[in-house]
Amino acid sequence: MVLAIISIAAAVGRWRGHSLPDGISGAAHVIDGDSLRVGGHEIRLQGIDAPEGRQECTRDGAPWPCGREAARRLRAIVGRGQVSCQARKRDQHQRVLAVCTVDGRDINRQMVAEGWAVSYGAYRAEEEAARRARRGIWSGAFDRPRDWRARHMSR
């Protein structure tokens, strides 16, 4: 009987650990160009993929730290504002996938529209406009972040 109660309690604890928070809001700490920490939760901005922190792109034939620049831009967008995130699901690393806003602006959309992230299942029109205008990473050559990760982070 005691073992059954312990097993049920453990299962409930695991299930609750994977559940989604109702609402997440507060000051944001930027981790990289598509991830931040808000209210004790690690958030991955859903529908976008930004260059990794160590990723470099090329512009006019010279390398430049596009990953660090994407994180800098996200930091500027969230500023000191109150970030609100609507959790959608969890990713394979158990981070919360969310669409976040600050001052009523969709942060995910803005990162793609300004060319600091590529579309990853959403925001395709914004990516196309950024590419045509050569904004952000589209101002030169780059590897899509998932391709860069496949080559550099599996080592």
Side-chain angles (χ1 to χ4, degrees), residues 12-60 62-150 152-153:
V12 168
R14 281 193 302 274
W15 176 79
R16 293 187 93 201
H18 296 295
S19 66
L20 291 173
D22 288 332
I24 302 169
S25 63
H29 168 74
V30 171
I31 298 168
D32 61 21
D34 54 22
S35 303
L36 30 92
R37 186 171 298 284
V38 179
H41 298 278
E42 187 172 343
I43 308 291
R44 173 74 165 69
L45 298 176
Q46 187 177 33
I48 77 171
D49 198 12
E52 294 297 323
R54 295 180 299 137
Q55 187 172 345
E56 289 190 336
C57 300
T58 57
R59 187 186 294 145
D60 299 324
W64 63 284
C66 59
R68 286 198 318 251
E69 195 60 37
R72 245 181 268 163
R73 184 59 193 139
L74 181 56
R75 220 171 273 113
I77 290 170
V78 300
R80 292 195 171 134
Q82 181 83 358
V83 173
S84 297
C85 299
Q86 184 63 44
R88 302 294 168 94
K89 61 183 181 177
R90 289 192 182 271
D91 68 7
Q92 69 271 21
H93 305 292
Q94 295 307 308
R95 296 175 298 188
V96 175
L97 289 172
V99 174
C100 299
T101 60
V102 64
D103 299 327
R105 292 185 327 265
D106 181 326
I107 296 168
N108 309 38
R109 181 179 310 281
Q110 189 170 350
M111 286 295 288
V112 175
E114 291 184 10
W116 294 111
V118 296
S119 168
Y120 196 75
Y123 312 110
R124 294 185 199 287
E126 289 81 2
E127 178 183 300
E128 180 59 25
R131 185 186 63 74
R132 279 195 317 270
R134 301 186 55 78
R135 289 187 212 115
I137 57 178
W138 297 102
S139 65
F142 67 95
D143 291 327
R144 287 207 172 247
R146 72 174 165 204
D147 297 335
W148 189 91
R149 282 190 301 274
H152 295 89
M153 296 182 83

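This structure is a prediction, so every number in the text was calculated from the model and none was measured. The figures that follow rest on heavy atoms only: side chains count, while hydrogens, waters and symmetry mates do not.
- W138 is listed as a side-chain neighbour of E127, based on a closest heavy-atom distance under 4.5 Å.
- Between E126 and S119 the shortest side-chain heavy-atom distance does not fall below 4.5 Å.
- Around OH of Y120, the count of heavy atoms belonging to other residues, nucleotides or ligands within 6.0 Å does not exceed 12.
- For the pair I48 and G33, the tightest heavy-atom approach, listed with the atom from each and the gap, is CD1-O, 4.4 Å.
- Taking all atoms of both residues into account, the shortest heavy-atom contact from S35 to R95 is OG-NH1, 3.9 Å.
- More than 12 non-hydrogen atoms from other residues, nucleotides or ligands lie less than 6.0 angstrom from CG of D147.
- Counting all heavy atoms, side chain and backbone alike, C85 lies closest to A98 at CB-CB, 3.9 Å.
- Here CD of Q92 is found 8.5 Å from CG of L97. Values are rounded to the nearest 0.5 Å.
- Minimum heavy-atom separation, S19 to R90: O-NH2, 2.9 Å.
- Heavy atoms only, all atoms of each residue included: V102 and G81 are closest at CG2-CA, 4.0 Å.
- The side-chain heavy atoms of Q55 and D143, taken from C-beta on, include a pair separated by under 4.5 Å.
- In summary, of the residues considered (R149, R68, R146), a side-chain contact (heavy atoms from CB on, under 4.5 Å) with E52 occurs for R149 alone.
- F142 places none of its side-chain heavy atoms less than 4.5 Å from the side chain of T58.
- Between R54 atom CZ and E56 atom CD the span is 10.5 Å, to the nearest 0.5 Å.
- Salt-bridge check for D49 with R44: passed, with a basic side-chain N closer than 4.0 Å to an acidic carboxylate O.
- The two residues P51 and C66 come nearest to each other via the heavy atoms CB-SG, 4.0 Å.
- Side-chain atoms of Y123 and D106 form a donor-acceptor pair, as typed in the model, at a separation below 3.5 Å.
- In this structure, the side chains of V38 and V96 stay at 4.5 Å or more apart for every pair of heavy atoms.
- Taken to the nearest 0.5 Å, the CH2 atom of W116 stands 12.0 Å off from the CZ atom of R135.
- D103 contributes no side-chain N or O that, together with a main-chain N or O of R105, makes up a donor-acceptor pair within less than 3.5 Å.
- Taking CG from L45 and CD1 from I107, the interatomic distance works out to 6.5 Å, rounded to the nearest 0.5 Å.
- I137 CD1 to R144 CZ: the interatomic distance, rounded to the nearest 0.5 Å, is 7.5 Å.
- Between the side chain of D34 and the backbone N or O of A50 there is at least one donor-acceptor pair closer than 3.5 Å.
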Identify every side-chain donor-acceptor pair in residues 70-78 under 3.5 Å, counting partners at least two apart or on other chains, and give the distances.
unit_1: R72; atom_1: NH1; unit_2: E69; atom_2: OE1; d: 3.1
unit_1: R73; atom_1: NE; unit_2: E114; atom_2: OE1; d: 2.4
unit_1: R73; atom_1: NH2; unit_2: E114; atom_2: OE1; d: 3.2
unit_1: R73; atom_1: NH2; unit_2: E114; atom_2: OE2; d: 3.0

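- Residues meeting the side chain to side chain donor-acceptor pair (under 3.5 Å) test with R131, sequence neighbours left out: E128.
- Note that NE2 of H29 is 6.0 Å distant from CD1 of I31, once rounded to the nearest 0.5 Å.
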